[in-house]
Number of protein chains: 2
Amino acid sequence: METENIISFREAKACPIQFVLAVNDTLNVISGKWKLPIIGSLLFEKRRFTDIQRNISKITPRMLSKELKDLEMNGMVKRTVYDTTPITVEYELTESGKLLSDVLDKMLEWGIQHREATIAKN
Amino acid sequence: METENIISFREAKACPIQFVLAVNDTLNVISGKWKLPIIGSLLFEKRRFTDIQRNISKITPRMLSKELKDLEMNGMVKRTVYDTTPITVEYELTESGKLLSDVLDKMLEWGIQHREATIAKN
DNA sequence: TATACTGATATACTTTTGTATACTAACAAT
DNA sequence: ATTGTTAGTATACAAAAGTATATCAGTATA
């Protein structure tokens, strides 16, 4: 079995290249026009496909399908199929997905401070 | 004078749409293939154009120039021209730009926890 | 029998983003 | 006179990301 190449927070912080690579991993999980709206939509409740589609009014089924697949592949979202008629499919955030809200909160905090800081300079 | 449409952390958290929009503002500032490497390169010291280019080996001057302009426009980077021969131009993070490291640290932390969480599930 | 619901997929297209490669001005040193 | 340094720009192209629109299978209801 191969040794997993896990890096500690301290190691990554010490090396600029490792730091950028590791942060980039996180960034890639939420990159793309629709990932954040989808995560936002699932942050407080499970939802079904059509439900999400209604919630994010301008998304096409093609994009929703594709982005949900990406999120599932990246361990952000769990997909459950129920054998009803017609079938229903439920999407929900994984534990790790829910934890992302800590990051989003920090981003929100910085975004607000940044807007104030840049407006102040005009 | 118009009223600035500043939203508080509490207000943004309470409304999913405002939340997504505000987080997206932050995300847009660091989006693109080269923004993070550039910010990383400037995180601990000022640097000149050619200096950054050497630091990020695969970036073309076209992209470096473009991304630096974006970052400057967004209030992330300050550009200072020195009238030497040949001229030298120094790039450095603004105060707000430096504060972004708080966000990046959170992303790093989450990224590491997420990698461990998803590997554990195999 | 026709229509509607579920959760998608197929095809073709446009827009955005990034790359490759060559080039510029202004001056200095060789 | 040629070469090197600075900090970029110009042009053309390739690749990635996103959009528009139509369609599918299976079942249920009118």
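Lettering of chains follows the sequences in order, A, B, ..., and the numbering in each one begins at 1. Values below: every heavy atom of this structure, side chains too, minus hydrogens, waters and symmetry copies. Predicted model, so just to flag it, every value in this text is computed and none were measured.
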Side chains of residues 44-58 of chain A: which donor-acceptor pairs under 3.5 Å do they make with residues two or more places apart or in other chains?
| from | atom 1 | to | atom 2 | distance (Å) |
| --- | --- | --- | --- | --- |
| A:Glu45 | OE2 | A:Arg47 | NH2 | 3.0 |
| A:Arg47 | NE | A:Ser41 | O | 2.8 |
| A:Arg47 | NE | A:Ser41 | OG | 3.1 |
| A:Asn55 | OD1 | A:Ser41 | OG | 3.0 |

In a table with atom names and distances, give each donor-acceptor pair under 3.5 Å that connects a side chain of residues 70-82 of chain A to protein atoms at least two apart or in another chain.
| from | atom 1 | to | atom 2 | distance (Å) |
| --- | --- | --- | --- | --- |
| A:Asn74 | ND2 | A:Asp70 | O | 3.3 |
| A:Arg79 | NE | A:Tyr91 | OH | 3.2 |
| A:Tyr82 | OH | A:Glu90 | OE1 | 3.3 |

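Chain A approaches DNA chain D over the interval D:dG18 to D:dA28, counting the first and last nucleotide 5' to 3' with an atom under 4.0 Å from its heavy atoms.
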- Message: As a quick check of understanding, evaluate side-chain contact (heavy atoms from CB on, under 4.5 Å) for B:Val103 and B:Met107, giving each step before the final call.
- Response: CA-CA 6 Å; B:Val103 178; B:Met107 292 178 68; 4.2 Å; yes

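With sequence neighbours excluded, no residue satisfies side-chain hydrogen bond (donor to acceptor under 3.5 Å, both in side chains) with A:Ser31. Applying the side-chain hydrogen bond (donor to acceptor under 3.5 Å, both in side chains) criterion to A:Asn28, with sequence neighbours excluded, gives no partner residue. For B:Leu99, the side chain to side chain contact (heavy atoms under 4.5 Å, CB included) test picks out A:Trp110, A:Gln113, B:Asp102, with sequence neighbours left out. Evaluation of the side chain to side chain contact (heavy atoms under 4.5 Å, CB included) rule for A:Thr85 yields no partner, not counting sequence neighbours.
Interface residues of residues 29-65 of chain B facing DNA chain C, ordered by number: B:Gly32, B:Lys33, B:Trp34, B:Arg62, B:Met63; criterion, heavy-atom separation under 4.0 Å. Taking a 4.0 Å limit (strictly below) on heavy-atom distances, residues 66-85 of chain A reaches DNA chain C at A:Lys69, A:Arg79.
Other residues sharing the hydrophobic cluster of B:Ile17, ordered by chain and number and joined by side-chain separations under 4.5 Å: B:Leu21.
Each salt bridge (Lys or Arg N to Asp or Glu O under 4.0 Å) pair with one or both residues in residues 18-33 of chain A, not counting sequence neighbours, appears once here: A:Asp25-B:Arg115. The side chain to side chain donor-acceptor pair (under 3.5 Å) analysis of residues 6-16 of chain A, with sequence neighbours excluded, yields the pairs A:Ser8-A:Glu11, A:Lys13-B:Asp105.
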